[in-house]
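A quick write-up on the structure given underneath.
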Protein chains: 2
Amino acid sequence: MTRSDNKPYHHGDLRTALLEAASSIICESGIDGLSMRRLADQVGVSRTAPYHHFKDKNALLCAIAEKGFEHQDAMVQELMDKLGPDQNRQRFKRWVRAYIRFAHENPETYDLMYGREIWKRGEPTESLQQVSRASFRLWVDLVDHMQQQGVLSCQHPALKTAQASWASLHGLTRLLIDGVYLDRTDLEEIAETLVDLITQ
Amino acid sequence: MTRSDNKPYHHGDLRTALLEAASSIICESGIDGLSMRRLADQVGVSRTAPYHHFKDKNALLCAIAEKGFEHQDAMVQELMDKLGPDQNRQRFKRWVRAYIRFAHENPETYDLMYGREIWKRGEPTESLQQVSRASFRLWVDLVDHMQQQGVLSCQHPALKTAQASWASLHGLTRLLIDGVYLDRTDLEEIAETLVDLITQ
DNA sequence: TAGGCAATCTTTACAGCGTCAAGTTAGACC
DNA sequence: GGTCTAACTTGACGCTGTAAAGATTGCCTA
């Protein structure tokens, strides 16, 4: 078959292009708006071309989630470095706010990172599991530090406390991105209340 | 067209039959396993017959979620009545455990009740909204009571405290049903830790 | 008891989905 | 130049939600 258009047969960097297009589709149409066919159309390749770079749709979603973890970690980390060593309670509150803000600005990515689409319905890539574990370790470290500074109770070990407090934060976040609490201002107050409840 | 089979043209109580079949399908195959076509097949009607009882799939899911709220409320309420008036901390812990147990036993229903499928992707029925608000009011009442008994802090008003604490509980529950923490025993410990964090 | 209406149910069809199988193209290496 | 392989296309299958239009029935009224 002759190739009338000037588009080359091989794309060159299809994997990257797919990831970028997928992020953009998810951003404006949500996860439901992302289909392998629509994605392929947008990039300008055949409908099954993406399958040479991602085993299936689940693998593509895992890759997006992975990028999400990196983004979130970088953002939160950078924010923490700005604070002096003596403002620990501030530091904790700031982390909570940054966490919620990230989810608010990237709700669909957050859903992929911590939602059932990948973790229950599909199955997380080995690579994704590593990244997510590393991300959680950041939280455990922070909690450990907060315990030593007396911001959080030492009644339970750092790991358990980290699990429990992160679960709380995650719950609050989910309410926002799942549309149960739509009001962001309202949610900020609840977050404030939550931190007061948890910290001592 | 002659009706060779003895099945009558009108089902009689199709709405109820659909709800029961849908619950059963969800129970054994998850929400993803529930399609309008499969549902209709199972009940033995044509594929579009269900649309005469539910506007669309969203309406069907809302009806299932509604039944879920009633089930959960009844279960928790019954459990609370068994306790004497002086065991308030016990009462609180028991509620938390019952809440998590319900979600563990009915993960797909829980997801419908509090998940994005209905609240963000679709839109909750007016009827569902009422039932869910009533259910949340039960929680606010409990929190109010716990504040008066000194189990929970009075630093913030009952509503805010109820929102924050329920968000925590919800977060923990989601981790379980979304497959992030698979170990139920592990989760019980975290729940214990959470209650210790929140109560004073 | 007959007529008509509204509720219920069926048939048919459409556009979309994920992905498998088989064929085509092009670049890379011996 | 020949061969191997990765990248890509074409075509197909079975699944999805649901709109449109026709068939059947129970019920209510005259």
Side-chain angles (χ1 to χ4, degrees), chain A residues 1-22 25-26 28-64 108 112 116-118 120-123 125, chain B residues 1-19 21-22 25-26 29-64 108 112 116-118 120-123 125:
Chain A
M1 180 183 290
T2 60
R3 302 196 61 75
S4 53
D5 45 1
N6 7 5
K7 183 168 68 79
Y9 190 87
H10 287 276
H11 180 281
D13 198 3
L14 184 53
R15 200 193 130 95
T16 307
L18 286 170
L19 276 178
E20 278 170 11
I25 290 176
I26 278 183
E28 61 188 38
S29 311
I31 297 180
D32 303 335
L34 174 67
S35 78
M36 295 299 271
R37 301 163 102 99
R38 181 177 166 189
L39 174 61
D41 283 356
Q42 183 139 326
V43 174
V45 291
S46 76
R47 294 185 308 239
T48 54
Y51 285 88
H52 293 271
H53 298 274
F54 299 98
K55 183 177 149 284
D56 50 22
K57 192 179 182 182
N58 176 71
L60 172 71
L61 297 180
C62 283
I64 298 172
E108 307 292 332
L112 282 181
R116 61 164 34 195
E117 178 69 43
I118 286 177
K120 183 166 190 181
R121 193 143 101 183
E123 49 179 331
T125 313
Chain B
M1 178 185 290
T2 60
R3 302 198 60 75
S4 54
D5 45 0
N6 5 5
K7 184 167 68 80
Y9 190 87
H10 288 273
H11 179 282
D13 197 3
L14 184 52
R15 200 193 130 94
T16 307
L18 286 170
L19 276 178
I25 290 176
I26 278 183
S29 310
I31 297 180
D32 303 336
L34 175 67
S35 78
M36 295 299 270
R37 301 164 102 99
R38 182 176 167 191
L39 174 62
D41 284 355
Q42 183 138 328
V43 175
V45 291
S46 76
R47 295 187 306 236
T48 52
Y51 286 87
H52 292 272
H53 298 273
F54 299 97
K55 181 176 149 284
D56 49 22
K57 194 180 182 183
N58 176 72
L60 173 71
L61 296 180
C62 284
I64 298 172
E108 307 292 334
L112 282 181
R116 62 164 33 193
E117 177 71 43
I118 286 177
K120 183 168 189 182
R121 192 143 103 185
E123 50 178 330
T125 313

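A note on names: the letters A, B, ... follow the listed sequences, proteins ahead of strands, and every chain is numbered from 1.
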Quick test of your reading: applying salt bridge (charged side-chain N to carboxylate O under 4.0 Å, His left out), list the pairs with at least one residue in residues 51-62 of chain B, sequence neighbours left out, ordered by first then second residue.
none
Restricting to non-hydrogen atoms, name the atom on Ile25(A) and the atom on Leu39(A) that form the minimum distance, rounded to 0.1 Å.
CD1-CA, 4.0 Å
Five-pair end axes of the helix from dT1(C)-dA30(D) to dC30(C)-dG1(D), angle between them (10°)
10°
Please name all residues satisfying side chain to side chain donor-acceptor pair (under 3.5 Å) with Thr48(B), sequence neighbours left out, ordered by chain then number.
none
Can you sort out the partners of Arg121(A) under salt bridge (charged side-chain N to carboxylate O under 4.0 Å, His left out), two or more places apart, ordered by chain and number?
Glu117(A), Asp32(B)
So, using side chain to side chain donor-acceptor pair (under 3.5 Å) as the criterion, who are the partners of Thr16(B) when residues are at least two apart?
Asp13(B)
Just jot down the side-chain contact (heavy atoms from CB on, under 4.5 Å) partners of Arg15(A), sequence neighbours excluded, or say none.
Leu19(A), His53(A), Phe54(A), Ala63(A)
Rounded interatomic separation in angstrom, taking CZ from Arg47(B) and P from dT16(D)
10 Å
Return the set of residues passing side-chain contact (heavy atoms from CB on, under 4.5 Å) with Arg37(B) (not counting sequence neighbours), or none when no residue passes.
Ser35(B), Arg47(B)
What residues from residues 29-41 of chain B pass a heavy-atom cutoff of under 4.0 Å to DNA chain C?
none
When rounded to whole Å, the CG to C1' distance for the pair Asp13(B) and dC9(C) reads 15 Å
Heavy atoms of Gly122(B) and Asn58(B) approach each other most closely as CA-OD1, 3.5 Å
Separation of dT8(C) atom P from Arg15(B) atom CZ, nearest Å, is 11 Å
Asp41(B) meets the salt bridge (charged side-chain N to carboxylate O under 4.0 Å, His left out) criterion, sequence neighbours left out, with none
Distance check needed: dG17(D) P versus Glu117(B) CD, whole Å only.
11 Å
Check whether Glu108(A) reaches the backbone of Gly30(A) with its side chain - one donor and one acceptor, N or O, closer than 3.5 Å.
no
Please list, by residue number, the residues of residues 48-58 of chain A whose heavy atoms come closer than 4.0 Å to an atom of DNA chain C; answer none if no residue qualifies.
Thr48(A), Tyr51(A), Asp56(A), Lys57(A)
With a 4.5 Å cut-off on side-chain heavy atoms, are Leu60(A) and Met36(A) touching?
yes
Whole-Å gap separating C1' (dC9(C)) and CG (Leu14(B)):
9 Å
